[in-house]
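Here is the structure we will look at, set down as structure tokens.
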Amino acid sequence: MVNTKVSLCGVELTNPVVPASGTFGFGYEFNDIYDINILGAISIKGTTKEARFGNALPRIAECTSGLINSIGLQNPGIDAVIEKEIPRLRQVYRKPIISNISGFSIEEYVECCEKINKVDDVDIIEVNISCPNVHNGGMSFGTLPENAEAVTKAVKKVTTKPVFIKLTPNVTDIVSIAKACEQGGADGISLINTSQGMRVDLKTRKPVIANKIGGFSGRAIFPIAMKMVYQVYEAVKLPIMGIGGVATAEDVIEMMMAGATAVQVGAENLVNPYACKDIIEALPNVMEKYKINDLNEIIGVAHK
Amino acid sequence: MKQGFFTVQANVKLTDSVYKMVLLGDTSAIERPGQFVNIKLDGLFLRRPISVCDYEEGKLTIIYKVVGVGTEKMSKMIGGEKLDILTGLGNGYFTDFSGDKPLLVGGGVGVPPLYHLAKCLIKEGKNPTVVIGFNTISEIFGKEDFEKLGVKVLVATVDGSFGIKGFVTDAIAQVEDYSYVYTCGPEPMLKAVYNATTTSGEYSFEERMGCGFGACMGCSCKTKYANKRICKDGPVLVKEEIIW
Ligand SMILES: Cc1cc2nc3c(=O)[nH]c(=O)nc-3n(C[C@H](O)[C@H](O)[C@H](O)COP(=O)(O)OP(=O)(O)OC[C@H]3O[C@@H](n4cnc5c(N)ncnc54)[C@H](O)[C@@H]3O)c2cc1C
Ligand SMILES: Cc1cc2nc3c(=O)[nH]c(=O)nc-3n(C[C@H](O)[C@H](O)[C@H](O)COP(=O)(O)O)c2cc1C
Ligand code: FES
């Protein structure tokens, strides 16, 4: 028997496979497809202070081995998530819940994190700092170390649960951002969010996406995510949730070798609704194939 | 929703760019007409949503128009080839509110989902009238299939090369009496039907999809009462909730 258990800041996961925020709704609808209690944890849809309808349609564009999305953080708002969505998930799901929080100002992050910190059913808070800062010309919080540190500090002040800061790859130096989050008191790092992308429709000669530019993800970004996980593992002492292009049990193991303690699966859920189940079921066999008895042995081994 | 592998039994050309594909596989997840399936194709990341035209136990029929890389690939498939398909997606049409004389209005590749609907309505003892619209005579398909079911079919062509000259609304003007409207087609057509008809009805929409089963919010639209995902809470909306 191989061991697939891992631990994120004291939160035990029976395996490292976690559906990524925005690609699994609030989780409970997937329970109609398979028993979601096999999952390591679930990262639920990014939540903001107020309800948001999100961006104009079309919001989706296909690419080679991936897609561009421009959902624009459609969500029912923090209060509805706490009152309706999380309890609904809890009715069918016993494993850890990761609540993903977004904001457009430091005050918004603080208010949402303070509220979500009081919810017993939430195990980890994942703060998505890829959003534009409305007080700073729309520049993303995640692109300047000072801003990343400021958000982290402010959020840590009002929370007691583990806080993972989720980083955008659209930066010149991911390491400096990760270090700033560590400096600000983060308990862990999630990376990467989507990479910016765009497509033009040859027939209409216009951008496919209404918002013109969106976030690119899926299998194609796996090597980019790998590189960033690898670099950040060297630079900070915090546990990492690796995200980006993961589609197989082999990918999970590869990303753990680069330094991830757990791994999130995003776009692949959209094209294969059973993706996480397939990966979890394949994991023990793939571990045996590569002579891995315990996943904890391989976290970051690529650095040795 | 169910994922399964289907075997192509037949893939026949109906017009220059429209094909009918008959697939063998598990159709148990399909509950009603107007639902759709989502088809995985080799080398393409996203699945392609296509309406269920007809189904029975073990057999699924779809009709699709070649418009891009995915449908082009489908058109080249031959008997015996396999496809990974998600079935039983979307809400579909409900026959409960149709009354005795429902009007079915389809434009172009909006026609296929009306076929199984017509079958269901007839089985329930109702008397549907079908109005279908195309640009020109060479694009017409489906007419005989509906006629074989014994329903009255009115065809409109924009250039007047067959049937009534004009849009589906010009054909609707010739229908004396109807109790309810079921429609599927391009959005401008849906809007014209909305304005040209007086009864309530069910309107099937298309949107670009990420998943097709409610997970990504890629297909959300606003209705009078709530935000809805076209793939899961739709594709069929009732007339009263639509905002144009
Ligand atoms: C619920 C639903 C039911 C449909 N039923 C039918 C049907 O019965 N017969 C039929 O011929 N067509 C139908 N369509 C449209 C069909 O999905 C598209 O024509 C098809 O996806 C085009 O794929 P492509 O690779 O050939 O085109 P490309 O333009 O190469 O596709 C690129 C991307 O855009 C998407 N896309 C392109 N056009 C559309 C469109 N009109 N609607 C949604 N996504 C689109 C594709 O899925 C793909 O992700 C339906 C669409 C929806 C949403
Ligand atoms: C449709 C869609 C919606 C997403 N929504 C969110 C979100 O609300 N919050 C967030 O932090 N990340 C969001 N993401 C990013 C993913 O969680 C993930 O970081 C990214 O897609 C990379 O992983 P992947 O290549 O496996 O998709 C979204 C991604 C997609 C495709
Ligand atoms: S396409 Fe993903 S929610 Fe509708």
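Model, not experiment: these values are computed from the prediction. Protein chains get the first letters and strands the later ones, always in sequence-line order, with residue 1 at the start of each.
Proximity to chain A is limited to the side chain of B:Lys232, based on heavy atoms less than 4.5 angstrom apart. If you measure heavy-atom distances from B:Leu44 to chain A, the contacts under 4.5 Å come from both the backbone and the side chain. For chain A, the nearby parts of B:Gln3 are the backbone and the side chain; heavy atoms of each come within less than 4.5 Å. For A:Tyr274, the part lying under 4.5 angstrom from a heavy atom of chain B is the side chain only. Both the backbone and the side chain of A:Pro273 come within contact range of chain B, judged by heavy atoms closer than 4.5 Å.
Most heavy-atom pairs under 4.5 Å with chain A, from the set B:Gly68, B:Gly214, B:Cys221: that is B:Cys221. No other option in A:Leu67, A:Ile71, A:Asn55, A:Leu57 has as many heavy-atom pairs under 4.5 Å with chain B as A:Leu57. The candidate with the highest count of non-hydrogen atom pairs below 4.5 Å against chain A, out of B:Lys40, B:Lys2, B:Arg48, is B:Arg48. For the set A:Arg219, A:Glu62, A:Arg59, the entry with the most heavy-atom pairs within less than 4.5 Å of chain B is A:Glu62. Of the listed residues (A:Asn69, A:Thr64, A:Ile60, A:Asn269), the one with the most heavy-atom contacts under 4.5 Å to chain B is A:Ile60.
The 12-atom threshold is exceeded at NZ of B:Lys224, counting heavy atoms of other residues, nucleotides or ligands nearer than 6.0 Å. Annotation for B:Glu57: atom CD does not count as buried by contact number, only 12 or fewer foreign heavy atoms lying within 6.0 Å.
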Open item on the list: Is there a side chain to side chain contact (heavy atoms under 4.5 Å, CB included) between A:Ile97 and A:Ile42? Walk through the geometry before answering.
Closed with: CA-CA 5 Å; A:Ile97 296 176; A:Ile42 294 177; 5.7 Å; no
- [ ] Give the C-alpha distance, both sets of side-chain angles, the deciding distance and a yes or no for salt bridge (charged side-chain N to carboxylate O under 4.0 Å, His left out) between B:Asp84 and B:Arg47.
- [x] CA-CA 9 Å; B:Asp84 169 349; B:Arg47 290 172 182 266; 3.1 Å; yes
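The salt bridge (charged side-chain N to carboxylate O under 4.0 Å, His left out) with A:Asp121 is formed by just one residue from the set A:Arg88, A:Arg90, A:Lys95, A:Arg94; it is A:Arg90.
A salt bridge is defined here as a Lys NZ or Arg NE, NH1 or NH2 lying under 4.0 Å from an Asp or Glu carboxylate O, and B:Lys119 with B:Glu56 fails to meet this definition.
Stacking of B:Lys20 on the aromatic ring of B:Phe141 is not recorded, the 6.0 Å distance cut-off and the 45° axial limit not both being met.
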